[in-house]
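These figures come from a predicted structure and were not determined experimentally.
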Number of protein chains: 2
Amino acid sequence: MDRALSIGALARHSGATPPTIRYYEQIGLLRRPDRRDGGHRVYGEADLKRLTFIRRCRDFGFPIEQVRDLVSVIEDVDRSCTEVRDLARDQLASVRARMAELRELEASLGLLVADCEARCAGGPGPDCVILEDLAAPGRCCAG
Amino acid sequence: MDRALSIGALARHSGATPPTIRYYEQIGLLRRPDRRDGGHRVYGEADLKRLTFIRRCRDFGFPIEQVRDLVSVIEDVDRSCTEVRDLARDQLASVRARMAELRELEASLGLLVADCEARCAGGPGPDCVILEDLAAPGRCCAG
DNA sequence: CTTGAAGCTCAAGTAGCTTCAACTCTTATG
DNA sequence: CATAAGAGTTGAAGCTACTTGAGCTTCAAG
């Protein structure tokens with residue numbers, strides 16, 4: 001029951017778009033599928049499975065090159081699942097680092113907005129103390 | 001006291017790199033500076049101030065095109081500081097949205113790692129239930 | 001005067017796709 | 001069977017915000 005899928009059908013089932021699928025094929029992340037007489041790509045269940053895996057990894061934020069590693073872990077009988085765990089741990093760490101950066105950014109931006117409310121009366125550019133602060137070397141109002 | 005700065009000195013004082021400064025010049029975010037006889041760029045305090053402002057906006061996560069707007073707010077006498085506040089508010093909202101995404105990602109990755117610990121004994125690829133889950137359509141272990 | 005650091009220009013590379021132009025193929029309907 | 005819409009094809013360029021590289025010139029210190 002390995003029903004044939006067009007690129008559009010594969011896209012719908014996997015959550016990728018047709019151009020993305022062609023792109024993955026181009027960079028060697030997906031195999032080159034069989035073609036119909038007219039040249040249209042034909043996919044099967046195995047392709048859907050693999051693409052689903054790839055999309056899921058991408059949703060997890062893994063960069064393409066790491067996805068390549070992960071795919072090879074799946075297909076290589078000799079490599080272990082703990083490799084996936086370790087890669088996921090690394091990924092978790094970088095997600096957390098990025099979140100910490102964003103938290104700082106959030107705090108700074110919040111301060112900037114608050115300062116704009118408190119210290120400026122909505123005056124024009126050159127009179128605004130906030131804009132002056134932003135342009136001054138050293139620490140900034142929300143820095 | 002408008003001491004002259006080389007591109008390297010400007011870089012050190014502003015936190016940008018020389019290539020980045022040249023890039024900003026190329027895209028019209030910084031004016032074209034005067035040159036010495038040998039062709040080297042010469043900057044002044046005004047350039048440092050402007051670049052500091054730009055870098056700070058970039059650190060806040062504003063995209064280049066919005067920085068362009070912000071710079072014009074500064075230089076246009078008729079436009080008000082509240083514009084900056086509004087842009088900062090928008091930016092704050094998108095930072096928060098991005099953070100929410102990352103929080104979900106963190107939770108999912110955490111689950112993935114936990115599942116790998118709990119359900120797999122570190123077996124090889126084809127035997128790992130986690131890898132199966134990731135490739136299966138529909139919901140995933142940490143989905 | 002020599003040497004090494006810093007600067008110059010222009011071009012290409014990075015990630016991860018998306019979008020475009022200019023076609024061809026398939027499928028549904030009349 | 002004709003036709004028109006929609007889906008598919010290709011290769012190339014575009015996107016963000018820079019970074020890197022090649023190959024050369026200039027500057028500052030000793």
Side-chain angles (χ1 to χ4, degrees), chain A residues 3-30 32-44 47 50-51 53-71 90-91 94-95 98 101 105, chain B residues 3-44 47 50-51 53-71 91 94-95 98 101 105:
Chain A
R3 69 182 190 283
L5 297 165
S6 68
I7 195 170
L10 182 63
R12 276 189 296 281
H13 285 77
S14 67
T17 65
T20 299
I21 293 171
R22 290 188 201 105
Y23 169 72
Y24 285 165
E25 176 185 331
Q26 188 192 318
I27 64 171
L29 208 49
L30 288 176
R32 281 194 233 166
D34 295 339
R35 304 293 185 119
R36 283 203 258 184
D37 286 353
H40 288 199
R41 292 168 176 80
V42 187
Y43 297 95
D47 299 300
R50 178 156 177 166
L51 180 54
F53 178 80
I54 291 170
R55 282 314 304 175
R56 206 151 272 159
C57 290
R58 294 289 302 123
D59 288 345
F60 277 136
F62 289 99
I64 291 276
E65 287 313 306
Q66 237 172 57
V67 176
R68 224 185 272 274
D69 288 353
L70 286 164
V71 167
D90 289 354
Q91 182 59 17
S94 63
V95 164
R98 180 79 186 117
E101 284 173 28
L105 196 51
Chain B
R3 68 180 189 285
L5 297 164
S6 67
I7 196 170
L10 182 63
R12 275 188 298 280
H13 285 80
S14 67
T17 65
T20 299
I21 293 170
R22 284 189 279 260
Y23 169 72
Y24 284 165
E25 176 185 330
Q26 186 192 320
I27 65 172
L29 207 50
L30 288 177
R31 71 178 186 99
R32 283 194 233 165
D34 296 337
R35 304 290 186 120
R36 284 202 257 183
D37 287 352
H40 289 198
R41 292 167 174 81
V42 187
Y43 297 95
D47 299 301
R50 176 153 178 170
L51 181 54
F53 178 80
I54 292 170
R55 282 315 303 176
R56 207 153 271 160
C57 291
R58 294 289 301 122
D59 288 345
F60 277 136
F62 289 100
I64 290 277
E65 286 314 305
Q66 235 172 60
V67 175
R68 224 186 271 275
D69 288 353
L70 286 164
V71 167
Q91 181 61 17
S94 62
V95 164
R98 181 81 187 113
E101 284 173 27
L105 196 52

In terms of the nearest nucleotide of DNA chain D, which residue is placed more toward the 5' end: B:Pro63 or A:Pro18? A:Pro18
Could you measure the distance from the SG atom of A:Cys57 to the CD atom of A:Gln66? Nearest 0.5 Å is fine. 9.5 Å
For the pair made of CZ in B:Arg68 and C1' in D:dT16, what is the distance, rounded to whole Å? 12 Å
CD of A:Glu25 versus C1' of D:dG8: gap in Å, rounded? 13 Å
Among A:Ile54, A:Leu51, A:Leu29, find the residue that satisfies the side-chain contact (heavy atoms from CB on, under 4.5 Å) test when tested with A:Ile21. A:Leu51
Please report the distance, rounded to the nearest Å, between OH in A:Tyr43 and C1' in D:dT9. 12 Å
Ion pair check, B:Arg22 and B:Glu25, cut-off under 4.0 Å: no
Without decimals, in angstroms, what is the distance between B:Asp59 CG and D:dA17 P? 13 Å
Mind checking if A:Arg55 touches a base, just sugar-phosphate, or nothing, with heavy atoms under 4.0 Å? sugar-phosphate
Under 4.0 Å from a heavy atom of chain B: give me the 5'-most and 3'-most nucleotides of DNA chain C that qualify. C:dG7 to C:dT9
A:His40 side chain: which of D:dT20, D:dC27, D:dT9 is closest? D:dT9
Determine whether more than 12 heavy atoms belonging to other residues, nucleotides or ligands lie under 6.0 Å from atom CZ of B:Arg32. no
Rounding to an integer number of Å, can you tell me how far A:Arg41 CZ sits from D:dG8 C1'? 9 Å
To the nearest 0.5 angstrom, please state how far the CZ atom of A:Arg41 sits from the CZ atom of A:Arg35. 4.0 Å
Would one find a side-chain N or O of B:Thr17 under 4.0 angstrom from OP1 or OP2 of D:dC18? no
Whole angstrom is fine here: how far is it from CD1 in B:Ile27 over to P in D:dT16? 10 Å
Does a nitrogen or oxygen in the side chain of A:Arg36 sit under 4.0 Å from OP1 or OP2 of D:dA7? no
Taking the nucleotide of DNA chain C with the closest heavy atom to each, which residue, B:Ser6 or A:Phe62, is nearer the 5' end? B:Ser6
Name the nucleic acid region contacted by A:Tyr24, choosing base, sugar-phosphate or nothing; use a 4.0 angstrom heavy-atom cut-off, strictly under. sugar-phosphate
Rounded off to whole Å, could you give me the CG-to-P distance for the A:Leu5 and D:dG8 pair? 11 Å
Rounded distance (Å) that lies between atom C1' of D:dA17 and atom CZ of B:Arg58: 6 Å
Check: A:Tyr43/A:Arg50 side-chain N/O donor and acceptor closer than 3.5 Å: no
Give the minimum heavy-atom separation between A:Phe60 and A:Gln91, together with the two atoms involved. O-NE2, 3.4 Å
